[in-house]
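A short write-up of the structure that comes next.
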Amino acid sequence: MTALERVIVMRVLRAELGVGLTEAKAVAGQVLAGAYSGTLPEMEYLARKLRGAGVDAIAARS
């Protein structure tokens, strides 16, 4: 993932989750590592927002 994509991920997370920059960095790390979890509709929503921002994203069941 490029640095630009990381920035885009953090922007989307900040906007959608209402968290600050520090929390967005932590959540982005979890998302990129595949360790962030939630309900399938929540993950689909975030994946849709990320795709809309130009980042390839999928929501998968574990």
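Residue L40 comes nearest to A59 through the heavy atom pair CD1-CB, 4.4 Å, listed as atom of the first residue, atom of the second, then distance. Closest heavy-atom contact between I8 and A53: CG2-CB, 3.6 Å. In plain terms, the two heavy atoms of A24 and R14 that are nearest each other are CB-CG, 3.3 Å.
Rounding to the nearest 0.5 Å places CZ of R61 at 13.5 Å from OG of S37. L13 contributes atom CG, which lies 13.5 Å from atom NZ of K25 (distance to the nearest 0.5 angstrom). If you take CG on L46 and CG on L17, they are separated by 5.5 Å, rounding to the nearest 0.5 Å. Residue R51 holds its CZ atom at 9.0 Å from CD1 of I58, rounded to the nearest 0.5 Å.
Residues Y36 and V9 share a single hydrophobic cluster, defined by chaining ILVMFWY side chains whose heavy atoms lie under 4.5 Å apart. Under the 4.5 Å side-chain contact rule for hydrophobic residues, V31 and V12 share a cluster.
Taking Y45 as the reference, E16 meet the side-chain hydrogen bond (donor to acceptor under 3.5 Å, both in side chains) condition, with sequence neighbours excluded. In this structure, T22 has no side-chain hydrogen bond (donor to acceptor under 3.5 Å, both in side chains) partners at least two apart in sequence or on a different chain.
Inter-residue side-chain proximity for M1 and L32 is flagged as met; some heavy-atom pair is nearer than 4.5 Å.
Within a 6.0 Å radius of CZ in R11, no more than 12 heavy atoms belonging to other residues, nucleotides or ligands are found.
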